[in-house]
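Structure first, then comments.
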Amino acid sequence: MAGRRVPARSRATIVEDAPVTPDSPTISAPAAILDGLQGRDCPVCGAPERGARPFLSASVDPERIGALSFASRKPPEYMSFRLVRCETCETVFAAEAPGAEALARAYRDAGYDSAEEALYAARTYAQALAPRLGPEHRRGTALEIGAGSGVFLQELLDLGFAEVVGVEPSHEAVAAAPAALRPHLRIGVFEPGAHRPGSLSLVCCFMTLEHVRDPRPLTRAAYDLLEPGGLLAFVTHDYRAPINRLLGRRSPIIDIEHMQLFCPASLRRLLGEAGFGEIDIGAIRNRYPLRYWLRLLPLPGPLKPAGLAAVEALGVGQRSVGLNVGNLLSVARKPL
Ligand SMILES: [Zn+2]
């Protein structure tokens, strides 16, 4: 990881199609995330950034960075750092990004506004993961990195896991956890030293791997913490999925909180280099209420509120709809 610091002045170059001048008078506190951006090399294979191809130019408007910018399942903002694609492993990554501490602060202070959606997502992931779990996994301990309000931990308990632990940096997300799940949640970022090596039967990291500064140490630490035969499960976006290629910058995956974006090849590289065997990567269908799908759609201006009003008037806003929206479930086994 290169620790090149980007001069503060170059923040102006980050703002390309944003209506803000370099000497804009007021920059809100959350925009402090833009101070001290650091240059990075490929976060999956380590290849230098200078060998990467342009993927998407930067689009950052400091005035639009709010408390929900670093929250899960918020309305899309279509902002991103400068993204490049690694020629070696195909990972797309932010060539300049906030430091680990700035990111940890942003997620600590992140708002939480997705209780209902979190329940649907947890159900989707549990149904996709259940067929991969053997009795040897269920009688062990599962760890979820980026556990939000803990609703997936409840799914794991329902699947028969003896013990579940979640780590989550957002105070607001943990405060929204059901009382019964609070004892299973720890507020903070993932710290491998907090767990005994070889003690876990499952490590989950869902819709979180794009957000961390360094996915490699996270993946290696998960490997060390798993018992032989234990499973690591990721849910990530797939930037190569047709829907994301079609939407381009208007895709919800284009997001200032995404430090990297994956495809099957880059995930295989990440998991293989950490030592995992039996790597299985496939698309999953997310099930959400119709009103949530509509909120995600990149509709112009008044069309979105009109569409939302229409589905509510028809009484179908709550109806559950399953769609392949370019998400991948990766399950990898630590060799025996
Ligand atoms: Zn790479």
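Throughout, residue positions are numbered sequentially from 1 according to the sequence presented.
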If I take atom [atom1] from residue [X] and atom [atom2] from residue [Y], how far apart are they, to the nearest 0.5 angstrom?
{"X": "L200", "Y": "D224", "atom1": "CG", "atom2": "CG", "answer": "11.0 Å"}
{"X": "C204", "Y": "L129", "atom1": "SG", "atom2": "CG", "answer": "5.5 Å"}
{"X": "L267", "Y": "L209", "atom1": "CG", "atom2": "CG", "answer": "7.0 Å"}
{"X": "R220", "Y": "E273", "atom1": "CZ", "atom2": "CD", "answer": "7.0 Å"}
{"X": "L159", "Y": "Q127", "atom1": "CG", "atom2": "CD", "answer": "9.5 Å"}
{"X": "S251", "Y": "R245", "atom1": "OG", "atom2": "CZ", "answer": "12.0 Å"}

Does [Y] offer a backbone N or O that forms a donor-acceptor pair with the side chain of [X] under 3.5 Å?
{"X": "E191", "Y": "G193", "answer": "no"}
{"X": "R285", "Y": "G322", "answer": "yes"}
{"X": "E278", "Y": "K334", "answer": "no"}
{"X": "S199", "Y": "H195", "answer": "no"}
{"X": "S320", "Y": "R287", "answer": "no"}
{"X": "H211", "Y": "G146", "answer": "no"}
{"X": "T208", "Y": "C205", "answer": "no"}
{"X": "D214", "Y": "R216", "answer": "no"}

Please name the pair of heavy atoms, one in [X] and one in [Y], separated by the smallest distance, quoted to 0.1 Å.
{"X": "R249", "Y": "S59", "result": "NH1-CB, 3.2 Å"}
{"X": "L226", "Y": "L232", "result": "CD1-N, 3.9 Å"}
{"X": "P98", "Y": "L37", "result": "N-CD2, 3.5 Å"}
{"X": "E163", "Y": "V165", "result": "OE2-CG2, 4.1 Å"}
{"X": "Y239", "Y": "C263", "result": "CE2-CB, 3.7 Å"}
{"X": "C42", "Y": "C89", "result": "SG-SG, 3.5 Å"}

Applying salt bridge (charged side-chain N to carboxylate O under 4.0 Å, His left out), can you list everything that pairs with R291, at least two apart in sequence or on another chain? E116, E312
Residues which pass salt bridge (charged side-chain N to carboxylate O under 4.0 Å, His left out) with E210, listed by chain and number, not counting sequence neighbours: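 For E210, no residue satisfies salt bridge (charged side-chain N to carboxylate O under 4.0 Å, His left out) once neighbours in sequence are set aside.
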So Q38 and R213, side chain to side chain donor-acceptor pair (under 3.5 Å) or not? Walk me through it. CA-CA 11 Å; Q38 297 166 352; R213 191 82 170 48; 2.9 Å; yes
What verdict does the side chain to side chain donor-acceptor pair (under 3.5 Å) test give for N327 and N286, after you've listed the backbone C-alpha separation in whole Å, the side-chain angles of each residue and the deciding distance to 0.1 Å? CA-CA 8 Å; N327 291 331; N286 280 72; 2.9 Å; yes
Is [X] salt-bridged to [Y], cutoff N-O under 4.0 Å?
{"X": "R132", "Y": "D280", "result": "yes"}
{"X": "R53", "Y": "E87", "result": "yes"}
{"X": "E90", "Y": "R268", "result": "no"}

Among the clusters formed by ILVMFWY side chains lying less than 4.5 Å apart, do [X] and [Y] turn up in the same one?
{"X": "M259", "Y": "F93", "result": "no"}
{"X": "F276", "Y": "V331", "result": "no"}
{"X": "V92", "Y": "I281", "result": "no"}
{"X": "L225", "Y": "L185", "result": "no"}
{"X": "L157", "Y": "L153", "result": "yes"}

Hey, is CZ on R123 packed in by over 12 heavy atoms from elsewhere, all under 6.0 Å?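 Atom CZ in R123 is not packed in, count stays at 12 or less.
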Between Q154 and V151, does the side-chain contact (heavy atoms from CB on, under 4.5 Å) criterion hold? Intermediate values first, please. CA-CA 5 Å; Q154 184 60 58; V151 290; 5.6 Å; no
For residues [X] and [Y], determine if any side-chain heavy atom of one lies less than 4.5 Å from a side-chain heavy atom of the other.
{"X": "F81", "Y": "I256", "result": "yes"}
{"X": "V212", "Y": "F190", "result": "no"}
{"X": "D41", "Y": "C86", "result": "no"}
{"X": "S149", "Y": "V174", "result": "no"}
{"X": "I187", "Y": "P169", "result": "no"}
{"X": "H171", "Y": "R108", "result": "yes"}
{"X": "T91", "Y": "R85", "result": "no"}
{"X": "L56", "Y": "I254", "result": "yes"}

Given the side-chain rings of F262 and H237, with only the six-membered ring counted for Trp, is the space between their centroids under 6.0 Å?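 Between H237 and F262, which both carry aromatic rings, the centre distance is not below 6.0 Å.
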I would like to know whether R269 and C45 meet side-chain contact (heavy atoms from CB on, under 4.5 Å); could you show each step before the answer? CA-CA 8 Å; R269 173 95 179 210; C45 77; 3.5 Å; yes
For V164 and T141: C-alpha separation, side-chain torsions, deciding distance, then whether side-chain contact (heavy atoms from CB on, under 4.5 Å) applies. CA-CA 6 Å; V164 297; T141 299; over 6 Å; no
Step by step, work out the side chain to side chain donor-acceptor pair (under 3.5 Å) result for R138 and S201. CA-CA 8 Å; R138 298 178 199 228; S201 62; over 6 Å; no
With under 30° as parallel and over 60° as perpendicular, where do the rings of W293 and Y288 fit, or are they tilted in between?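 Rings of W293 and Y288: perpendicular, over 60°.
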Would R82 and E96 count as a side-chain contact (heavy atoms from CB on, under 4.5 Å) if you check the C-alpha gap in whole Å, the side-chain angles of each, and the deciding distance to 0.1 Å? CA-CA 7 Å; R82 180 170 69 93; E96 293 88 23; 2.8 Å; yes
Between F152 and F206, is a ring pair (Phe, Tyr, Trp, His ring centres under 6.0 Å) present by the stated rule, with each step listed? CA-CA 10 Å; F152 184 70; F206 296 158; 4.9 Å; yes
